[in-house]
Enquirer: 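Sharing a structure here in structure tokens format.
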Amino acid sequence: MGLNHSNPKLFPGDIVEYPRNKYFSHFGIYFGERDGVPYVAHLTCRDADTKIPLFGRALRSEIKLDPLEMLGTKYKVNNMLDDTHSPRDFHSVVKPAIEDMMGREVTFDMLFHNSEHQATLFRYGVKKSQQIELIYKHIMPAWKKLFDKKQL
């Protein structure tokens with residue numbers, strides 16, 4: 001998930017991707033500027049009781065609004081589903097949805113509700129994680145073998 005370029009032009013409602021390592025990225029929605037500071041809304045378990053989610057889950061996660069570069073200085077716009085799904089209007093749908101979710105506890109789940117799922121849910125109304133789908137392609141054959149041998 002390489003960067004096309006750093007510091008791209010952002011528009012409210014864009015999905016912002018912050019690569020974390022070779023396999024995973026963190027995602028948020030560009031929210032716009034407040035007092036000249038650009039902000040991103042994202043699902044985070046940063047302030048959850050457990051710093052590392054247990055079994056890929058953190059029960060006390062939430063949607064936070066943080067300065068764009070607080071999440072990382074290397075990022076890109078990744079509106080990955082624009083070819084197959086229409087983006088929802090930022091001002092009438094996405095922004096009110098983000099504001100409604102802020103402060104609520106949300107369960108973070110690596111496989112079923114991660115930051116990419118949340119970002120696509122805000123932008124498109126569809127919960128999807130392409131990075132998890134790639135992982136499934138690798139782990140499902142191994143799981144199938146164990147399942148067939150009744151070891152799983």
Side-chain angles (χ1 to χ4, degrees), residues 1 3 10-34 37-147 151-152:
M1 295 191 187
L3 295 173
L10 298 168
F11 298 95
D14 279 344
I15 294 177
V16 182
E17 178 181 355
Y18 296 87
R20 295 298 189 225
N21 60 40
K22 184 175 166 181
Y23 303 104
F24 292 106
S25 292
H26 183 69
F27 293 84
I29 294 286
Y30 182 62
F31 195 79
E33 291 187 4
R34 288 186 174 178
V37 177
Y39 279 86
V40 171
H42 63 113
L43 174 64
T44 180
C45 53
R46 180 178 64 226
D47 297 330
D49 291 339
T50 54
K51 293 297 176 194
I52 298 174
L54 184 62
F55 302 112
R57 298 187 90 199
L59 300 178
R60 297 186 64 207
S61 300
E62 63 183 304
I63 304 301
K64 288 208 176 220
L65 200 57
D66 285 316
L68 176 73
E69 291 196 354
M70 182 179 148
L71 301 178
T73 56
K74 294 182 181 178
Y75 55 86
K76 68 177 181 177
V77 172
N78 188 351
N79 297 325
M80 74 271 297
L81 301 180
D82 276 9
D83 291 340
T84 57
H85 294 79
S86 296
R88 303 188 311 169
D89 182 72
F90 179 76
H91 295 287
S92 65
V93 179
V94 179
K95 184 177 180 187
I98 290 169
E99 290 171 340
D100 183 57
M101 291 292 297
M102 286 176 32
R104 290 187 187 187
E105 286 186 5
V106 179
T107 298
F108 172 93
D109 186 296
M110 182 80 69
L111 297 177
F112 303 107
H113 194 82
N114 62 40
S115 64
E116 185 179 9
H117 288 114
Q118 187 66 59
T120 60
L121 188 58
F122 280 140
R123 182 170 175 84
Y124 306 106
V126 173
K127 199 162 129 173
K128 190 168 178 77
S129 176
Q130 292 179 336
Q131 61 188 346
I132 296 302
E133 289 174 9
L134 285 173
I135 290 171
Y136 280 151
K137 288 180 185 177
H138 296 289
I139 62 174
M140 289 306 285
W143 284 1
K144 183 175 179 351
K145 289 177 189 174
L146 292 171
F147 186 77
Q151 295 175 333
L152 182 66

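These figures come from a predicted structure and were not determined experimentally.
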Enquirer: Distance check, rounded to the nearest 0.5 Å: Arg20 atom CZ versus Gln131 atom CD?
Expert: 11.0 Å

Enquirer: Quick one: CZ on Phe31 to CZ on Phe122, what's the gap to the nearest 0.5 Å?
Expert: 9.5 Å

Enquirer: Applying side chain to side chain contact (heavy atoms under 4.5 Å, CB included), run through Tyr39 and Val37 and close with a yes or a no.
Expert: CA-CA 6 Å; Tyr39 279 86; Val37 177; 3.8 Å; yes

Enquirer: Enter the distance from Arg60:CZ to Thr107:OG1 here, rounded to the nearest 0.5 Å.
Expert: 11.0 Å

Enquirer: Measure across Met110 and Phe108 and return the closest heavy-atom pair with its distance rounded to 0.1 Å.
Expert: N-CE2, 3.8 Å

Enquirer: Give a yes or no on whether Lys127 atom NZ has more than 12 heavy-atom contacts from other residues, nucleotides or ligands under 6.0 Å away.
Expert: yes

Enquirer: Among Gln118, Glu116, His113, find the one that has a side chain to side chain donor-acceptor pair (under 3.5 Å) with Ser129.
Expert: Glu116

Enquirer: Evaluate His42 against Lys64 for side chain to side chain contact (heavy atoms under 4.5 Å, CB included), listing each step before the verdict.
Expert: CA-CA 6 Å; His42 63 113; Lys64 288 208 176 220; 4.1 Å; yes

Enquirer: What residue pairs, at least two apart or across chains, pass salt bridge (Lys or Arg N to Asp or Glu O under 4.0 Å) with a residue in residues 77-87?
Expert: Asp82-Arg123

Enquirer: Can you name the nearest heavy-atom pair linking Ser61 to Leu43, along with the distance?
Expert: CB-CD1, 4.0 Å

Enquirer: Starting at CG of Asn114, measure out to NE2 of His26 and round the result to the nearest 0.5 Å.
Expert: 9.5 Å

Enquirer: Please report the closest heavy-atom contact between Phe27 and Met80, naming both atoms and the distance.
Expert: CE2-CE, 3.6 Å

Enquirer: Show, in sequence, the C-alpha distance, side-chain angles and deciding distance for His85 and Thr120, and conclude whether the side chain to side chain contact (heavy atoms under 4.5 Å, CB included) test is met.
Expert: CA-CA 10 Å; His85 294 79; Thr120 60; over 6 Å; no

Enquirer: What distance separates Ile132 CD1 from Phe24 CZ, expressed to the nearest 0.5 Å?
Expert: 5.0 Å

Enquirer: Closest heavy-atom contact between Asn79 and Gly13?
Expert: OD1-O, 4.5 Å

Enquirer: First locate atom CZ of Phe90, then atom CZ of Phe11, and finally report the distance between them rounded to the nearest 0.5 Å.
Expert: 13.0 Å

Enquirer: Considering only heavy atoms from C-beta outward, does the side chain of His117 approach that of Asp109 to under 4.5 Å?
Expert: no

Enquirer: Can you tell me how the ring of Tyr18 sits relative to the ring of Tyr75, calling it parallel under 30°, perpendicular over 60° and tilted otherwise?
Expert: tilted

Enquirer: Determine the minimum heavy-atom distance between Ser25 and Glu17, stating which atoms define it.
Expert: OG-OE2, 2.7 Å

Enquirer: Without placing hydrogens or testing angles, list every side-chain donor-acceptor pair under 3.5 Å for residues 91-100, not counting sequence neighbours.
Expert:
unit_1, atom_1, unit_2, atom_2, d
Ser92, OG, Asp89, OD2, 2.8
Asp100, OD1, Arg104, NH2, 3.2
Asp100, OD2, Arg104, NH2, 3.1

Enquirer: Between Gly28 and Val40, which heavy-atom pair has the shortest distance, and what is it?
Expert: CA-CG1, 3.6 Å

Enquirer: Please tell me if the side chains of Leu10 and Leu68 come closer than 4.5 Å, counting only heavy atoms from C-beta onward.
Expert: yes

